[in-house]
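Comments concern the structure below.
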Amino acid sequence: MTDLVLKSARLPDGRIADISIDRGVITHIGSSGPVDTTIDCRSCLCIPAAIDMHVHMRDGPQSAKEDWGTGTQSAVAGGVAAVVDQPNTMPPMESVENFSARVAHAHETSFCHFAINGSVTETADLTGLWEAGALAFGEMFAAPSSYGSALSPEVIRSSLVVLGNAGALTTVHAEEVRPGEVHSLVEHAMLRPVSGEAAAVDLVNSLAPANARLHYCHMSGAASIARVVTRPGNSYEVTPHHLFLSFEEQDPSNTHFRMNPPLRTKAERMELWRMFESIPVIASDHAPHTTLEKAQPFSTAPSGVPGVETMMPLLMNAVFEGKISLDAVVAKTVTNPYHILGLAAPKIAVGSRADIAVYAKQPEKILPERLHSRCGWTPYEGMAGVFPVTTVVGGVPAWHNGEFSRGEALWFAGKGKSFTAP
Ligand code: DOR
């Protein structure tokens, strides 16, 4: 008896078949035999579920914004089966003790697979965190942001020496911040310009020893990407908000569109679309803040937007509109990020871990009330998205027809994890 069958599903290569799943693994693709649970996938597209390699799941004292439960429900309801949590948490991921407590808590409450990155700060125990299972390090702040202070060039250099020698990936928040108070989206963009982002990329590239592996987070302009690719082996990500939103298209005083790096001009985001094919990774930088926090004056409102649940729907809508290819979306949200992180990517293939998202091809209006992040708002309100009807995580339908179930969420530890005797 097979555990689960996704019946009559359209596969990424266009075939229609039943996907049989046993103990979390795809065991057969073709016609199915006797089965415990069947999900009817007629006229639905089944693709490998995404990994979002840049999320802030908050929790602890920041649980009013989000916690592991709500953040990962939001992930699976958006076709994401794995998240990589950033270390600017409260408390920050600087010590093995904080890190191990977060891993244990995520194990108990996460609805999807997860990894946790280690902090890069002057006081972080880089070696201890690597041996405790940090998947990667960073985002490493080369400029101040919400819950992150800028590091000095000396700390960046010495940290990259340790992490390069360990073989760990370092993810970089590259920005330069000009002095001054900001009162609008345009001022915010001017004090954190693309030219500063490009200069910060140059600086970090110049401080990195040859063996350091760098991944640049949320690149917001073509000029910065041009600097990233000058160093062999570098990778980078672009966020949905820098692809789908620009400051000119918003009310200039609306703090909900304030994030770091800031929204750019429409011309700049069109430039990102022109180079879409060459972008290796799309990641959301899911950074929820409460509406109360966002109600502060522009100058003091925190930076960050939620996005883990809307990333795939926005991209899948663009696929169904014929604007981008399905292959490109799978490459940027599954194959490439898993490869960069040194993890095996799920596939629609026998033997693969069954992380599968099922899309019904129906666009919907993105509305805050149908989303699941605790923050309760979205910068994409009113835009079209194609949401998954089902997201299977390790063989369990973690999201199906509006209901959540917790299966076995895997912890993806990094390669430095020391052997622990059974
Ligand atoms: O806008 C942002 N918010 N950018 C960051 O780098 C941090 C994030 C947060 O944690 O809120």
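Read the numbers this way: they start at 1 and go in the same order the structure lists the ligands and their atoms. Residues: numbered from 1 along the sequence shown.
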Is it the case that atom CZ in Arg23 sees more than 12 heavy atoms from other parts of the structure closer than 6.0 Å?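 No, the 6.0 Å shell around CZ holds no more than 12 heavy atoms from other groups.
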
Looking at [atom], what's its closest protein heavy atom, distance included?
atom                   : value
atom 3 (N) of ligand 1 : Ser303 O, 3.0 Å
atom 4 (N) of ligand 1 : Asn260 O, 3.0 Å
atom 8 (C) of ligand 1 : Ala287 CB, 3.7 Å
atom 7 (C) of ligand 1 : Ser145 OG, 3.5 Å

For this session: Indicate, with yes or no, if the rings of His173 and His218 have centres closer together than 6.0 Å.
Result: yes

Within less than 4.0 angstrom of ligand 1, does [X] place any heavy atom?
X      : answer
Arg58  : yes
Glu139 : yes
Gln86  : no

Contact region, His56 to ligand 1, non-hydrogen atoms below 4.0 Å, reads side chain

Counting heavy atoms under 4.0 Å, the part of Asn88 that contacts ligand 1 is side chain

Over all atoms of both residues, closest heavy-atom pair of [X] and [Y]:
X      : Y      : value
Gly118 : Ala134 : N-CB, 3.7 Å
Glu175 : Pro262 : OE2-CD, 3.6 Å
Phe412 : Arg353 : CZ-NH2, 3.6 Å

May I ask you to list the atoms of ligand 1 that are less than 4.0 angstrom from any heavy atom of [X]?
X      : result
Phe141 : 6 (O)
His173 : 5 (C), 6 (O)
His289 : 11 (O)
Met259 : 1 (O)

Ligand 1 to Tyr147 polar contact by distance, N or O atoms, under 3.5 Å: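 Min N/O separation from ligand 1 is not below 3.5 Å for Tyr147.
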
_Quick check with a 6.0 Å cut-off and a 45 degree axis cone: is Arg269 positioned over the face of Phe244's six-membered ring?_
no

- Task: May I ask you to check if Lys332 and Phe276 form a cation-pi contact, with NZ or CZ under 6.0 angstrom from the six-membered ring centre and within 45° of the axis?
- Result: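 Yes, cation above the ring, under 6.0 Å and within 45°.
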
Closer than 4.0 angstrom, basic N to acidic O: yes or no for Lys417 and Glu131? no

List the steps, then state whether side-chain contact (heavy atoms from CB on, under 4.5 Å) holds for Met383 with Thr378. CA-CA 10 Å; Met383 293 173 71; Thr378 170; over 6 Å; no

